[in-house]
Amino acid sequence: MENADENHTEQRLAQRLKQLRVEQGWSLDQLAKASDVSRATLSRLENGEVSPTTAVLGKLCAAYGLAMSRLMRMVEDDFPAVLRRAQQSVWSDPELGFRRRSISPPARALAGEALECELDAGVTIRYVASPRPGMEHHLLLQKGKLRVTVDGAVHDLLAGDCLRYQLQGASAFVTPSDSGARYFLFIV
């Protein structure tokens with residue numbers, strides 16, 4: 001069941017990526033320049049031939065000025081007031097070892113959202129820019145170890161630690177070779 005849901009989400013994501021580019025009035029070449037993602041990759045993404053990696057989605061979101069979770073909300077179906085775990089959308093980047101569950105998706109009437117994220121051991125995710133400068137994050141590490149770099153400041157987290165920040169620029173999430181991480185990310 002989850003594979004069918006993931007395929008549906010990926011097809012809707014491909015359609016939404018193309019729609020965003022068209023809404024901006026950009027050609028593939030213009031988006032490639034703005035995002036630092038090759039034209040060929042963009043074409044394959046928009047046609048649903050490949051799934052985007054976390055890094056590529058991060059670059060595209062930065063080019064469009066969107067949080068990744070907002071982009072994902074644009075492609076996910078509406079949700080009821082109570083969202084059972086089986087109904088929560090999951091997106092993964094298996095090559096990188098990253099999984100993201102939207103436990104409380106963004107909504108028009110609500111300011112915040114909540115994500116449950118998992119990183120395998122030895123994973124590094126880098127984002128070159130904040131999709132929206134000043135975006136408020138509250139990261140609660142549930143399991144494992146995680147090094148988070150926010151605007152040049154390095155924070156080594158252990159299970160139970162909470163990191164609160166307003167994201168202005170670049171960020172990175174790194175797990176050591178001997179430990180993955182599971183955390184909740186609350187975005188306002």
Side-chain angles (χ1 to χ4, degrees), residues 5-79 88-96 98-117 119 123-139 148-152 165-173 185-188:
D5 289 343
E6 283 184 32
N7 288 339
H8 177 70
T9 299
E10 287 181 12
Q11 287 303 312
R12 291 185 58 156
L13 179 57
Q15 292 168 354
R16 185 60 182 144
L17 288 173
K18 185 172 188 171
Q19 186 180 17
L20 282 169
R21 181 180 57 78
V22 170
E23 287 171 2
Q24 291 290 326
W26 290 346
S27 67
L28 284 171
D29 289 327
Q30 289 170 312
L31 179 56
K33 186 176 181 180
S35 65
D36 197 30
V37 176
S38 76
R39 183 189 191 286
T41 297
L42 292 171
S43 177
R44 293 180 72 206
L45 289 172
E46 287 184 4
N47 290 321
E49 297 170 11
V50 297
S51 296
T53 64
T54 304
V56 167
L57 274 182
K59 290 178 180 182
L60 291 173
C61 286
Y64 291 126
L66 289 172
M68 190 181 308
S69 53
R70 288 282 171 194
L71 172 63
M72 297 308 290
R73 174 65 187 114
M74 291 175 178
V75 301
E76 295 166 349
D77 295 327
D78 286 335
F79 60 95
Q88 297 167 5
S89 298
V90 176
W91 180 80
S92 64
D93 183 343
E95 287 184 27
L96 182 64
F98 175 62
R99 289 159 302 286
R100 171 201 162 278
R101 176 180 297 277
S102 184
I103 57 176
S104 179
R108 289 177 194 92
L110 302 173
E113 63 187 281
L115 304 171
E116 178 184 34
C117 302
L119 294 171
V123 170
T124 298
I125 299 176
R126 295 186 195 286
Y127 299 102
V128 295
S130 173
R132 182 175 43 98
M135 189 181 328
E136 184 178 334
H137 287 194
H138 299 259
L139 188 155
V148 181
T149 303
V150 179
D151 299 323
Y165 56 94
Q166 290 182 307
L167 186 60
Q168 300 295 331
S171 61
F173 298 76
L185 183 61
F186 303 93
I187 302 172
V188 181

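For reference, positions follow the sequence shown, starting with 1.
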Inter-residue atom distance [X].[atom1] - [Y].[atom2], 0.5 Å rounding:
| X | Y | atom1 | atom2 | answer |
| --- | --- | --- | --- | --- |
| Leu66 | Leu60 | CG | CG | 10.0 Å |
| Arg100 | Met68 | CZ | CE | 8.0 Å |
| Gln15 | Leu13 | CD | CG | 9.5 Å |
| Thr54 | Arg126 | OG1 | CZ | 14.0 Å |
| Glu10 | Leu45 | CD | CG | 10.5 Å |
| Leu57 | Ser35 | CG | OG | 11.0 Å |

- Query: Would you call the rings of Phe98 and Trp91 parallel, tilted or perpendicular if under 30° counts as parallel and over 60° as perpendicular?
  - Reply: perpendicular

Minimal non-hydrogen separation, [X] against [Y], with atom names:
| X | Y | result |
| --- | --- | --- |
| Gly25 | Gln30 | O-OE1, 3.6 Å |
| Ala32 | Ser38 | CB-C, 4.2 Å |
| Gln168 | Pro133 | OE1-CB, 3.8 Å |
| Leu28 | Arg21 | CD2-NE, 3.5 Å |
| Arg44 | Val50 | NH2-CG1, 3.1 Å |
| Arg99 | Ser92 | CG-CB, 3.7 Å |

ask   = Side chain of Asp151, backbone of Gly169: donor and acceptor closer than 3.5 Å?
value = yes

Do [X] and [Y] have side chains that approach each other closer than 4.5 Å (heavy atoms only, starting at C-beta)?
| X | Y | answer |
| --- | --- | --- |
| Phe173 | Leu139 | yes |
| Val37 | Leu31 | no |
| Gln88 | Ser102 | no |
| Leu96 | Ile125 | yes |

**Request:** Check whether the side chains of Arg16 and Gln19 place a donor and an acceptor atom closer than 3.5 Å, and report yes or no.
**Result:** yes

Worksheet entry | NZ/NE/NH1/NH2 to OD/OE distance under 4.0 Å, Arg101 and Glu116 | yes

- Worked check of side-chain contact (heavy atoms from CB on, under 4.5 Å) between Leu42 and Leu17: CA-CA 9 Å; Leu42 292 171; Leu17 288 173; over 6 Å; no

- Give a yes or no on whether Glu49 atom CD has more than 12 heavy-atom contacts from other residues, nucleotides or ligands under 6.0 Å away. yes

